[in-house]
J.: 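Quick one: this structure, given as structure tokens, is what I'll be asking you about.
Proteins come first, then strands; the chains are lettered A, B, ... in the order of their sequence lines, and each starts at number 1. Nothing here was measured: the structure is a model prediction, and the numbers come from that model.
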There are 2 protein chains.
Amino acid sequence: MTGVANPKRLPRAVREQQMLDAAVRVFADRGYHGASMDEVAELAGVSKPMVYLYLGSKEDLFGACIRREAARLMERITSAVHDAATIECRLVSGFEAFFGYVAEHKDSWNVLYHRARALGPPFADEVDRARHDIIDAVTGLVDQRGASAGEAGALSHALVGAADALAEWASRTGEPATVTTARLMNLVWIGIERQIDGASWRPASS
Amino acid sequence: MTGVANPKRLPRAVREQQMLDAAVRVFADRGYHGASMDEVAELAGVSKPMVYLYLGSKEDLFGACIRREAARLMERITSAVHDAATIECRLVSGFEAFFGYVAEHKDSWNVLYHRARALGPPFADEVDRARHDIIDAVTGLVDQRGASAGEAGALSHALVGAADALAEWASRTGEPATVTTARLMNLVWIGIERQIDGASWRPASS
DNA sequence: CCGTAACCTTACCCATCAGTAAACTTACTC
DNA sequence: GAGTAAGTTTACTGATGGGTAAGGTTACGG
């Protein structure tokens with residue numbers, strides 16, 4: 001019983017959330033295959049059959065974790081971007097929200113980015129769909145003038161990838177989200193503007 | 001016996017490479033915990049005790065895979081960058097080499113990027129060290145004038161992260177490495193130049 | 001104060017899989 | 001063509017861990 005003290009009987013909805021909290025943590029620490037249902041149950045302060053009763057199989061549990069955490073992340077970003085006028089503002093708000101989320105919910109980010117993405121079709125697809133929702137939103141920002149087909153999509157992927165890497169960096173150095181956002185904007189904003197305007201870099205030498 | 005036909009006895013050095021080939025594939029497909037030594041042995045066309053005799057434990061085997069694949073990737077990039085004069089040329093050559101490698105050795109990239117990175121200290125450190133060698137090289141390129149402390153480091157992380165994401169994109173669309181490289185340069189080159197010159201973007205609103 | 005339903009546990013089964021013991025077979029040397 | 005070392009296998013063990021059966025305990029409505 002090293003889990004949080006749960007001396008009392010609790011309603012199902014509460015227990016389920018506790019189990020999901022524990023599961024996110026264990027999956028974040030050990031990965032899908034490395035995690036054991038016993039450990040999840042223990043950390044949740046509950047016996048194993050409870051987990052199976054409420055959340056189903058290990059796959060079901062992992063799926064539930066992914067859905068909950070992805071929804072939280074998405075909600076944070078979309079609500080931040082919601083009331084920003086210009087493209088630049090939306091990008092800045094989105095990045096700040098993202099970096100803030102990763103800093104405050106490392107386990108959640110770990111499960112989504114490191115663990116789920118590394119898995120086969122059942123789960124990687126789920127999280128990739130969420131990722132693509134973000135990328136598509138970015139693409140929409142960058143491609144308002146309907147530029148060349150793949151251009152904007154590739155750019156969005158690169159942008160999100162850069163943000164991922166910077167999030168990791170920032171969570172190690174502990175710098176505030178606004179600073180990290182400035183770094184990223186500093187690197188890519190002119191390139192994005194150029195994409196919006198249709199200009200492009202040409203290879204000079206090889 | 002679904003593995004490659006190995007009807008004959010082979011010298012140790014050859015068998016070891018076959019085993020590593022098989023291991024890289026299985027680890028790429030299933031992840032460290034999901035992979036079984038039986039499957040590795042079968043795919044290598046050999047029985048399990050051979051794997052243990054030649055490569056040691058599962059951890060040893062995974063470590064050997066990581067080291068071999070990381071060395072291959074590093075060697076390809078460094079040799080490509082070697083004879084390029086300007087910063088711009090070095091970046092372009094490095095990116096092209098990287099995208100080319102990922103396209104041609106998906107399993108290798110998968111193990112290094114998705115599988116090993118998602119693991120705990122023993123392996124993640126190993127591959128992170130290789131990753132940092134690359135990032136440091138990029139930092140050296142970008143920070144030749146000795147700019148502000150963290151700036152160049154953060155930029156390199158973002159750059160490598162963007163490259164990772166684009167590599168994934170490129171491996172899905174199948175576009176040639178030169179095109180992907182142009183996309184990336186198009187996005188970040190001006191920002192990099194600005195970093196080299198010491199200029200910086202400043203948040204305007206929000 | 002009794003029933004019943006929601007909450008929760010102990011104790012087990014069995015498949016998978018890392019790792020090994022012991023022996024067999026081919027090739028190469030002297 | 002004996003001797004031996006390298007290459008290789010079959011057949012096992014022991015632990016881990018997903019999943020379940022059967023039953024115990026608290027709350028709460030009637």
J.: Hey, can you pull the residues of residues 21-33 of chain A with a non-hydrogen atom under 4.0 angstrom from DNA chain C?
T.: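 None, since no heavy atom is under 4.0 Å.
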J.: I want to check one thing: is the phosphate of dT8(D), taken as OP1 and OP2, less than 4.0 Å away from some side-chain N or O of Arg15(B)?
T.: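 Yes, within the criterion.
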J.: So, applying salt bridge (charged side-chain N to carboxylate O under 4.0 Å, His left out) with Asp38(A), which one of Lys58(A), Lys48(A), Arg30(A) is it?
T.: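 So the option named by the test is Lys48(A).
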J.: Regarding Ser47(A), tell me which of base, sugar-phosphate or nothing describes its non-hydrogen contacts under 4.0 Å with the strands shown.
T.: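 The answer is base, as Ser47(A) lies within the cut-off (heavy atoms under 4.0 Å) of a base atom.
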J.: Does Arg131(A), at its CZ atom, have more than 12 non-hydrogen atoms belonging to other residues, nucleotides or ligands within less than 6.0 Å?
T.: yes
J.: Go through the structure and list residues passing side-chain contact (heavy atoms from CB on, under 4.5 Å) with Ala163(A), not counting sequence neighbours.
T.: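 Scan of Ala163(A) (side-chain contact (heavy atoms from CB on, under 4.5 Å), adjacent residues dropped) gives Phe95(A), Phe98(A), Phe99(A), Leu184(A).
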J.: Assess whether side chain to side chain donor-acceptor pair (under 3.5 Å) is satisfied between Thr139(A) and Asp136(A), documenting all intermediate values.
T.: CA-CA 5 Å; Thr139(A) 305; Asp136(A) 288 348; 4.6 Å; no
J.: What are the atom names and distances for every N/O pair under 3.5 Å that joins the protein to nucleotides 12-15 of chain C?
T.:
none

J.: Between Arg76(A) and Glu104(A), does any NZ, NE, NH1 or NH2 come within less than 4.0 Å of an OD or OE carboxylate oxygen?
T.: yes
J.: Between the side chains of Glu16(A) and Arg68(A), is the shortest nitrogen-to-carboxylate-oxygen separation below 4.0 Å, so that they form an ion pair?
T.: no
J.: What is the distance from CG of Leu10(A) to P of dC7(C), rounded to the nearest Å?
T.: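 Leu10(A) atom CG is separated from dC7(C) atom P by 10 Å.
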J.: At under 4.0 Å between heavy atoms, what does Met37(B) touch on the DNA or RNA strands: base, sugar-phosphate, or nothing?
T.: sugar-phosphate
J.: Using a 4.0 Å cut-off on protein heavy atoms (strictly under), produce a 5'-to-3' string for nucleotides 22-30 of chain C with B for base contact, S for backbone-only sugar-phosphate contact, and - for none.
T.: ---BB----
J.: Extract all donor-acceptor atom pairs below 3.5 Å that involve side chains of residues 120-130 of chain A and protein atoms in other chains or at least two apart in sequence.
T.:
{"unit_1": "Glu126(A)", "atom_1": "OE1", "unit_2": "Arg67(A)", "atom_2": "NH1", "d": "3.4"}
{"unit_1": "Glu126(A)", "atom_1": "OE2", "unit_2": "Arg67(A)", "atom_2": "NH1", "d": "3.4"}

J.: Base, sugar-phosphate or nothing for Ala41(B)? Non-hydrogen atoms, less than 4.0 Å.
T.: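 Nothing: the residue Ala41(B), judged by heavy atoms under 4.0 Å, touches no strand.
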J.: Using heavy atoms and a sub-4.0 Å distance, could you list which residues of residues 51-60 of chain B are near DNA chain C? By number, please.
T.: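 Output list: Tyr52(B), Ser57(B), Lys58(B).
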